[in-house]
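What you see is a predicted model; the values in this text were computed from it and never measured. Note: hydrogens, waters and symmetry copies are ignored here, and every other heavy atom, side chains too, is used. So you know, we letter chains A, B, ... as the sequences are listed, proteins then strands, and number each from 1.
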2 protein chains.
Amino acid sequence: MAVSSEMIETRMSAFREACACRGVKVTHQRLEIYRELTSSEEHPDADAICQGVRNRVPTISRDTVYRNLKMLAEHGLISIVGMSHERLRFDANMELHYHFVCVRCGLIRDFYSQNLDNIDFPAEAVAFGDPVSLHLEVKGVCRTCRSLADSSS
Amino acid sequence: MAVSSEMIETRMSAFREACACRGVKVTHQRLEIYRELTSSEEHPDADAICQGVRNRVPTISRDTVYRNLKMLAEHGLISIVGMSHERLRFDANMELHYHFVCVRCGLIRDFYSQNLDNIDFPAEAVAFGDPVSLHLEVKGVCRTCRSLADSSS
DNA sequence: GTACTTGCAAATCGTTTGCAGTAAC
DNA sequence: GTTACTGCAAACGATTTGCAAGTAC
């Protein structure tokens with residue numbers, strides 16, 4: 001939750017505009033779902049988003065959350081993260097970035113790297129077809145899990 | 001299915017040995033499941049593996065296939081592939097390699113790259129914890145899907 | 001007013017599990 | 001003989017869908 005409120009409001013305005021552009025109706029639920037996601041750095045799953053939104057919109061149903069997240073992902077307004085086959089997790093950050101994933105607790109954190117941004121599509125991959133995007137994630141043990149392990153040994 | 005039969009037999013022997021090492025029983029079904037996977041370059045899902053094995057072991061149940069694949073993955077004898085959240089797909093290739101994934105048809109192909117092997121864990125990722133492994137995939141449109149698109153336009 | 005959305009409940013689908021019989025070691 | 005493995009059927013959990021009522025535009 002280290003996202004500043006100005007940043008959130010900026011993103012909300014951009015979101016309203018993006019919806020208008022696409023003929024997507026700006027409903028209360030949709031706004032709050034997006035706000036919940038864009039306010040978080042945790043890459044929450046549908047259920048966590050639903051819980052969060054219910055603090056403000058107690059009557060929202062899980063289906064609505066699922067439907068909106070799916071639709072927003074199809075419109076390219078959010079993305080689906082997680083290589084693994086756990087439940088779906090979402091990300092409102094659409095800038096070029098990478099993920100650190102903790103193999104113990106499942107934490108996912110964004111990071112940026114100019115070096116990685118500069119990687120060219122490898123010729124070995126280009127041989128299979130036309131590359132579009134390159135995804136990279138670093139798996140490891142996060143600081144929290146590391147200290148837990150240290151203290152118990 | 002470009003895997004030579006000598007290669008397959010080599011892998012089967014190694015597999016029998018790996019099972020013996022771990023006290024895992026070498027059952028007919030387990031051998032055929034592994035053979036099916038190691039003979040394929042398609043990164044099949046559980047269902048496709050089941051279909052394939054049934055040509056040789058008609059009575060095998062889907063549960064057995066699921067159970068074995070899961071168990072083999074836990075023992076590190078095979079791996080689970082696919083960043084996406086479709087059904088699970090498996091890979092008997094345990095060498096360091098990368099994937100090309102077709103965004104249209106879901107084709108997954110292995111490729112190798114010395115350049116990518118040499119990538120260091122980025123400092124930005126190390127900040128979050130102790131990195132263990134780095135995964136990379138290239139998404140794109142495969143040759144087959146490209147020609148389909150070309151011919152229909 | 002119309003088309004898109006919502007909330008509800010029921011369905012779907014891949015995957016997992018409990019159990020009794022069977023096979024590997 | 002013991003222990004792990006198989007096949008069956010039933011369960012599971014995340015996600016999706018059909019439908020009637022509600023809301024944005």
Rounded distance (Å) that lies between atom [atom2] of [N] and atom [atom1] of [X]:
| X | N | atom1 | atom2 | value |
| --- | --- | --- | --- | --- |
| B:L69 | C:dT17 | CG | P | 15 Å |
| B:I80 | C:dG14 | CD1 | P | 16 Å |
| B:L88 | C:dC13 | CG | P | 17 Å |
| B:N68 | D:dT6 | CG | P | 5 Å |
| A:R67 | D:dG22 | CZ | C1' | 13 Å |
| A:R89 | D:dT15 | CZ | P | 12 Å |
| A:L31 | D:dA24 | CG | C1' | 11 Å |
| B:I33 | D:dG7 | CD1 | C1' | 12 Å |

**Asked** Should we count CZ of B:R104 as having more than 12 external heavy atoms under 6.0 Å?
**Response** no

**Asked** Around atom CD of B:E17, are there more than 12 heavy atoms of other residues, nucleotides or ligands at under 6.0 Å?
**Response** no

**Asked** Would a distance-only check, ignoring hydrogens and angles, find a side-chain to backbone donor-acceptor pair under 3.5 Å from B:R16 to B:V26?
**Response** no

Does [N] have OP1 or OP2 under 4.0 Å away from a side-chain N or O of [X]?
| X | N | value |
| --- | --- | --- |
| A:Q29 | C:dG7 | yes |
| B:R62 | C:dG14 | no |
| A:T27 | C:dT6 | yes |
| A:Y66 | D:dT15 | yes |
| A:K70 | D:dT16 | yes |
| A:T64 | C:dT5 | no |
| B:R30 | D:dC5 | yes |

**Prompt:** When the aromatic ring centroids of A:Y34 and A:F15 are compared, is their separation below 6.0 Å?
**Reply:** yes

**Message:** Would you say the ring centers of A:H43 and A:H99 fall short of 6.0 Å from each other?
**Reply:** yes

**Under-3.5 Å donor-acceptor pair between A:D47 side chain and D:dA14 base** = no

**Message:** Between C:dA9 and A:D63, counting only base atoms on the nucleotide and side-chain atoms on the residue, is there a donor-acceptor pair under 3.5 Å?
**Reply:** yes

**Prompt:** Pick the nucleotide of DNA chain C nearest each of B:V24 and B:D45; which residue has the one closer to the 5' end?
**Reply:** B:D45

**Request:** Would you mind telling me which residue lines up with the more 5' stretch of DNA chain D, B:H28 or B:K25, judged by nearest nucleotide?
**Result:** B:K25

